[in-house]
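What follows is a short report on a single structure.
Quantities reported herein were computed from a predicted structural model and do not represent experimental measurements. Just so it is clear, the values below take in all heavy atoms, side chains as well, and ignore hydrogens, waters and symmetry mates. A, B, ... follow the sequence lines: proteins, then strands. Residue 1 opens every chain.
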Number of protein chains: 2
Amino acid sequence: MGRTSTAKDRLIAAMIELIWTGSYGSTSVDQICERAGVKKGSFYHFFESKTELAVTSIDHGWTEHRKELDQIFSPVVPPVERILNCFRNFRQEQEDLFKKHGRVLGCPIHSLGAEVSTVDERLRDKLQEILGQFIRYYESAIRDAQAQGSIVTHDAMALARIVFAYSEGLLLHARMWNDLSRLDEFESGAKIILGVKT
Amino acid sequence: MGRTSTAKDRLIAAMIELIWTGSYGSTSVDQICERAGVKKGSFYHFFESKTELAVTSIDHGWTEHRKELDQIFSPVVPPVERILNCFRNFRQEQEDLFKKHGRVLGCPIHSLGAEVSTVDERLRDKLQEILGQFIRYYESAIRDAQAQGSIVTHDAMALARIVFAYSEGLLLHARMWNDLSRLDEFESGAKIILGVKT
DNA sequence: CAGAACTAGACGATCAGTCAACTATTTTAC
DNA sequence: GTAAAATAGTTGACTGATCGTCTAGTTCTG
């Protein structure tokens, strides 16, 4: 069946990194190929377009990240603790990225979303899908907290959306100011929004 | 002193619109020129680069928007009401843009910030400057509310940052889902964060 | 050796940016 | 008052780099 190759995976890894450290628009196919050590011809053998590689890459990254989230949001963990741990995980992740790239990179889904959602339909749909899944983690944790009495609300979904919007906004600020310390207030902010005691 | 021209203003207007409806990366100099009815040679007569036009445009837009904000955040208005009115103003603005462009466009400062902050230093500095000014409106309103007793907090600045991050996150979601109704919960969300009674 | 997996490099289009020639308007000089 | 000079704006052809894409051909594997 012909030869085998790791080129596809290398392209995906390169794409994720370049989008995260830069932007979709600032990332050229040549650049992706160079970083992946793949010739341009091979690129279009594996992917039909730059958009398709982006969709595949984002999907791939999300699948990986979900494994982590499934552990963080395990029903075994107290519900409020799940959300706080998620935020701590964000902070840790950004710290690792900072060490690696010398920059706070924020959330690639949102940076990409802000950039392409009016321009690239296919990419936007994928990002919507992922964010729609992400918020369910918050939602179910809040519902559990509600049942348990640690959070008082009449609309768990609405509260989840607030927490979600807040976390994105904060990650974006950390990226814009290249400042990890902006993420330190994640926890206190979440507690204020969720109305839990310190 | 030679002839006069409105070309510069037309370029600024075109740039703002194109960035808002698309992105910085998806906006080409040719496109800007075409929309402004200006030849490329004239473009570089007025601006030394695409980045410089972006900086000038963003600055111009912010100067305009500030006039509105100064009214919304007038000390004459009850402090909590200022913030809620600001959010109502966001919602109204997005509604107008939707009628005009058929899309929810969100906040151009943040969309741009997410896109270029790791790539274009000059642009990033300008965006930082503007956001740094914006948050002062929230901060001073919250401080006034605190003095007046309608908001209880020990750190007005921190609370302002939460409100700010939340509003940005929500605007981004409205853009990504092209859904105005996402902005309906602005008010209730703000009340939850600020801890004011309904 | 059949056929799938992969590569090389050329494609036309478009990118940001340059430039010298040209036109229109105001200022200055007399 | 008017002509010359200085200023400001306009034009379109041009650069070299890079864009995303594609086709024809090579290399490897079953």
Query raised in the report: What integer distance in Å separates B/Leu11:CG from D/dG9:P?
Result: 12 Å

Query raised in the report: Between D/dC22 and A/Tyr44, is there an OP1 or OP2 to side-chain N/O distance shorter than 4.0 Å?
Result: no

Query raised in the report: Rounded to the nearest Å, what distance is computed from the CD atom of residue B/Glu34 to the P atom of nucleotide D/dG12?
Result: 14 Å

Requested in this report: Using whole Å, report how far CG of A/Leu123 lies from P of D/dG20.
Outcome: 14 Å

Query raised in the report: Do A/Gln148 and A/Asp144 get their side chains close enough for a donor-acceptor pair, meaning under 3.5 Å?
Result: no

Report task. Under 4.0 Å between any heavy atoms, over every strand shown, what does A/Thr51 touch: base, sugar-phosphate, or nothing? Just pick one. Result -> nothing

Query raised in the report: Considering residues at least two apart in sequence or located in another chain, which fulfil the ring pair (Phe, Tyr, Trp, His ring centres under 6.0 Å) criterion with A/Tyr137?
Result: A/Phe73

Query raised in the report: Between A/Glu93 and A/His65, does a side-chain contact (heavy atoms from CB on, under 4.5 Å) hold up when you go through it step by step?
Result: CA-CA 11 Å; A/Glu93 192 182 20; A/His65 196 66; 3.8 Å; yes

Requested in this report: Rounded off to whole Å, could you give me the CG-to-P distance for the B/Asp30 and D/dC19 pair?
Outcome: 16 Å

Query raised in the report: Once you round it to whole Å, what is the distance between P of C/dG17 and NZ of B/Lys50?
Result: 8 Å

Report task. Starting from C1' on D/dG9, measure out to CZ on B/Phe43 and report it in whole angstrom. Result -> 16 Å

**Report entry** B/Ser28 side chain, from C-beta outward: closest of D/dG9, C/dA16, D/dT18
**Finding:** C/dA16

Query raised in the report: Taking atom C1' of C/dT14 as reference, at what distance in whole Å does atom CD of B/Gln31 sit?
Result: 11 Å

Requested in this report: Figure out the CZ/P separation between B/Phe46 and C/dG17, and round it to whole Å.
Outcome: 17 Å

Query raised in the report: Counting just side-chain N and O atoms, does A/His45 come under 4.0 Å of either OP1 or OP2 of C/dA5?
Result: no

Query - Donor on one side chain, acceptor on other, B/Glu129 and B/Trp62, under 3.5 Å - result: no

Query raised in the report: Does the side chain of B/Tyr24 come under 3.5 Å of the side chain of B/Ser111 through a donor N or O and an acceptor N or O?
Result: no

Could I get a table of every N or O pair under 3.5 Å where one atom is in the protein and the other is in nucleotides 9-13 of chain C?
residue, atom, partner, partner atom, Å
C/dG9, O6, A/Gly41, N, 3.1

Report task. Mark yes or no: B/Lys8 above the aromatic ring of B/Phe43, with NZ or CZ under 6.0 Å from the six-membered ring centre and no more than 45 degrees from the axis. Result -> no

Query raised in the report: If you measure only the distance, is there a donor-acceptor pair under 3.5 Å linking the side chains of A/Ser181 and A/Asp179?
Result: yes

